[in-house]
Enquirer: 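I'd like to ask some things about the structure below.
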Amino acid sequence: MRLNSVFGVFFLALLLGCNSGKTRLDINTRDIQLPDVEIRRYDLDLFRVSVHNLKDGLEKMKPAYRFFLDTDLNDPVKLIEMKAYLENPRNLDFYQAVQVKYKNLESIQKNLTEAFRHYRYYYPDARIPKVYSYISGGDYDYPVQFADSVMLIGLDNYLGKDNKIYGSDGLPLYRLEKMSPDNIVPDCMLVLAKVLQPSQMTGNALLDHMIQEGKQLYFAEAMIPGTNPRFLMGYTQGQMDWAIKNEAHVWAAIIENRLLYSTDGQIVRTFISDGPFTAEFSKESPSRLGIWIGWQIVRKYMENEEDVSLQQLLNETDAQKILTLSKYKPQK
């Protein structure tokens with residue numbers, strides 16, 4: 001082969017390689033008009049109120065934070081409860097840590113703005129929620145909440161895995177890995193996915209759970225394409241590498257052991273629930289491998305079914321249909 005032919009083949013391969021990473025989620029949001037997201041700092045403003053003049057301080061805050069303070073502030077019980085919250089030593093520790101960690105939220109606001117631009121692209125009539133940050137007091141199970149078109153971010157859940165408060169609370173390492181600033185926007189989009197698509201499984205087999213969770217991850221990925229998948233999964237980079245490397249092995253184990261259609265609660269929990277690792281595999285494996293595989297199935301389905309919209313995906317309740325049309329077969 002002549003030298004210029006060699007370079008021609010190489011150049012063609014390079015072009016194909018560059019384009020191979022492009023997916024239907026790579027969209028242009030430049031023309032989508034949306035005000036920049038402002039995260040209202042209830043976490044800071046509330047703790048700046050003097051407990052010695054609590055009622056007047058809260059009344060002044062009320063117009064800006066009606067979601068939190070739309071109550072009768074003449075009620076002494078309400079004031080006693082608020083005073084107890086503000087003077088709680090653990091809440092004060094969280095507040096001080098948040099003050100240091102999150103002097104400003106500019107990068108989070110910028111990333112949320114872009115995520116909501118994607119949201120408006122897929123849902124043109126969608127109402128963009130107001131976003132508030134607050135001190136949850138260590139509500140670790142619900143770091144982000146959504147209610148009445150309001151998104152609440154408990155910043156005390158994202159202080160970094162080395163924060164001493166988490167250590168004193170005895171949180172396991174696998175949970176600490178998800179408690180970083182990088183997890184905030186992915187968590188926000190996953191919560192939004194759950195709001196748009198509450199659980200609507202027609203069955204209770206492992207496959208149903210895998211596809212249900214996989215659809216929500218695909219939605220979140222559509223809102224923040226290009227994000228390292230480990231933040232959507234809540235994995236360390238090492239765990240993410242293990243999941244990618246062993247994808248075919250995990251799928252083979254599910255199929256060969258006839259687990260895919262099992263409704264056994266223990267089997268479902270093994271592959272769906274959070275934990276330090278997946279018991280069926282080595283201690284280097286991450287948990288929730290069924291969710292990871294479910295996400296890959298949904299990705300393949302959407303890659304093959306170009307006419308299926310994101311909304312149609314979320315509304316599709318037939319997990320078997322998604323699996324069949326995905327033609328999912330990971331390479332060993």
Side-chain angles (χ1 to χ4, degrees), residues 17-27 29 107-108 110-112 114-119 122 143-144 157-158 160-161 173-194 196-197 209-251 254 271-278 281-282 284-304 310 313-314 322-323 326 328-332:
C18 290
N19 291 330
S20 65
K22 187 172 178 63
T23 73
R24 61 185 289 184
L25 299 184
D26 296 326
I27 61 171
T29 61
S107 63
I108 298 170
K110 180 181 178 181
N111 292 335
L112 266 180
E114 188 56 33
F116 284 136
R117 283 202 180 100
H118 283 75
Y119 181 41
Y122 291 104
V144 176
N157 291 281
Y158 299 101
K161 65 180 181 180
L173 182 60
Y174 70 85
R175 296 198 67 174
L176 295 177
E177 295 292 352
K178 308 168 195 174
M179 303 176 80
S180 77
D182 290 321
N183 292 92
I184 292 177
V185 176
D187 282 357
C188 288
M189 294 304 106
L190 286 167
V191 166
L192 186 56
K194 289 177 170 61
L196 289 174
Q197 188 230 348
H209 289 272
M210 290 168 61
I211 298 302
Q212 168 81 5
E213 299 281 351
K215 289 192 297 181
Q216 293 177 350
L217 278 162
Y218 187 86
F219 170 89
E221 181 183 21
M223 300 304 108
I224 45 177
T227 295
N228 188 322
R230 80 180 187 87
F231 295 120
L232 286 164
M233 285 299 302
Y235 285 172
T236 65
Q237 190 58 55
Q239 289 174 324
M240 191 74 261
D241 293 342
W242 191 101
I244 293 171
K245 180 180 178 181
N246 292 280
E247 182 181 344
H249 173 56
V250 174
W251 179 243
I254 291 173
F271 284 91
I272 300 298
S273 296
D274 205 0
F277 58 91
T278 298
F281 303 99
S282 71
E284 285 70 43
S285 68
S287 64
R288 293 169 292 118
L289 283 170
I291 296 175
W292 163 250
I293 297 294
W295 184 14
Q296 306 322 301
I297 293 171
V298 171
R299 277 174 158 178
K300 289 296 294 181
Y301 170 74
M302 293 299 282
E303 180 183 316
N304 294 340
L310 184 61
L313 168 69
L314 294 186
I322 291 175
L323 173 60
S326 75
Y328 177 71
K329 190 176 181 181
Q331 298 299 311
K332 294 183 179 179

Enquirer: Taking side-chain contact (heavy atoms from CB on, under 4.5 Å) as the criterion, tell me which of I108, D182, V144 meets it with Y158.
Expert: V144
Enquirer: Heavy atoms only: give me the nearest L232-P186 pair and the separation to one decimal.
Expert: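 Looks like CD2-CB, 3.9 Å.
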Enquirer: Going by heavy atoms in the side chains, are N111 and I224 under 4.5 Å from each other?
Expert: no
Enquirer: What do you reckon, are the aromatic ring centroids of Y328 and W251 less than 6.0 Å apart?
Expert: yes
Enquirer: Does any non-hydrogen side-chain atom of Q197 lie less than 4.5 Å from one of Q212?
Expert: yes
Enquirer: I'd like to check L25 versus M302 (side-chain heavy atoms, cut-off strictly below 4.5 Å). Are they in contact?
Expert: no
Enquirer: Is there a donor-acceptor contact under 3.5 Å from the side chain of Q296 to the main chain of W292?
Expert: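 Side chain of Q296 to backbone of W292: a pair is present.
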Enquirer: Check whether any side-chain N or O of S285 sits under 3.5 Å from a backbone N or O of T278 as a donor-acceptor pair, and report yes or no.
Expert: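 Looks like yes, one N/O pair under 3.5 Å.
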Enquirer: If I take atom CG from residue D241 and atom CG from residue N246, how far apart are they, to the nearest 0.5 angstrom?
Expert: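 CG of N246 is found 10.5 Å from CG of D241.
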Enquirer: So, for M210 and G290, which heavy atoms are closest and what is the spacing to 0.1 Å?
Expert: CG-O, 3.2 Å
Enquirer: Where does the angle between the aromatic ring planes of Y119 and F116 fall among parallel (under 30°), tilted (30 to 60°) and perpendicular (over 60°)?
Expert: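 Answer is tilted, since the angle falls between 30° and 60°.
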Enquirer: From M233 CE over to E213 CD, what is the distance, rounded to the nearest 0.5 angstrom?
Expert: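 Output value for this atom pair is 9.0 Å.
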Enquirer: Report the C-alpha distance between L176 and M179 in whole Å, list the side-chain angles of each, state the deciding distance to 0.1 Å, and finish with yes or no for side-chain contact (heavy atoms from CB on, under 4.5 Å).
Expert: CA-CA 5 Å; L176 295 177; M179 303 176 80; 4.0 Å; yes
Enquirer: Are the side chains of L313 and F219 in contact, using a 4.5 Å heavy-atom criterion?
Expert: no
Enquirer: Minimum heavy-atom separation for L289 to A243, with atom names?
Expert: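 Of all heavy-atom pairs spanning L289 and A243, the closest is CD2-CB, 4.2 Å.
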Enquirer: So, for L190 and Q216, which heavy atoms are closest and what is the spacing to 0.1 Å?
Expert: CD2-O, 3.9 Å
Enquirer: Do I184 and N157 have side-chain heavy atoms sitting under 4.5 Å apart?
Expert: no
Enquirer: Starting at CD1 of I291, measure out to CG of D274 and round the result to the nearest 0.5 Å.
Expert: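 If we round to the nearest 0.5 Å, I291:CD1 and D274:CG are 8.0 Å apart.
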Enquirer: Give a yes or no on whether the backbone of S287 and the side-chain of Y235 come within a donor-acceptor separation of less than 3.5 Å.
Expert: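 Yes, Y235 side chain to S287 backbone: donor-acceptor pair under 3.5 Å.
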Enquirer: Nearest heavy-atom pair of H118 and A222: which atoms, and what distance?
Expert: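 Minimum heavy-atom separation between H118 and A222: CD2-O, 3.4 Å.
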Enquirer: Less than 4.0 angstrom from a charged side-chain N to a carboxylate O is my criterion; do R299 and E221 meet it?
Expert: yes
Enquirer: Kindly compute the distance separating OG (S326) from CD1 (I211), expressed to the nearest 0.5 Å.
Expert: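 S326 atom OG to I211 atom CD1 measures 7.0 Å (nearest 0.5 Å).
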Enquirer: Run M189 and L112 through side-chain contact (heavy atoms from CB on, under 4.5 Å) and show every step you take.
Expert: CA-CA 9 Å; M189 294 304 106; L112 266 180; 3.9 Å; yes
Enquirer: Look up atom CD1 in I254 and atom NE2 in H249, then write down how far apart they are to the nearest 0.5 Å.
Expert: 10.5 Å
Enquirer: Can you name the nearest heavy-atom pair linking T29 to E114, along with the distance?
Expert: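 Residues T29 and E114, closest heavy atoms: OG1-OE2, 2.6 Å.
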Enquirer: Quick one: do Y218 and L314 satisfy side-chain contact (heavy atoms from CB on, under 4.5 Å)? Show the steps, please.
Expert: CA-CA 9 Å; Y218 187 86; L314 294 186; over 6 Å; no
Enquirer: If you measure from CD on Q237 to CH2 on W242, what distance do you get to the nearest 0.5 Å?
Expert: 15.0 Å
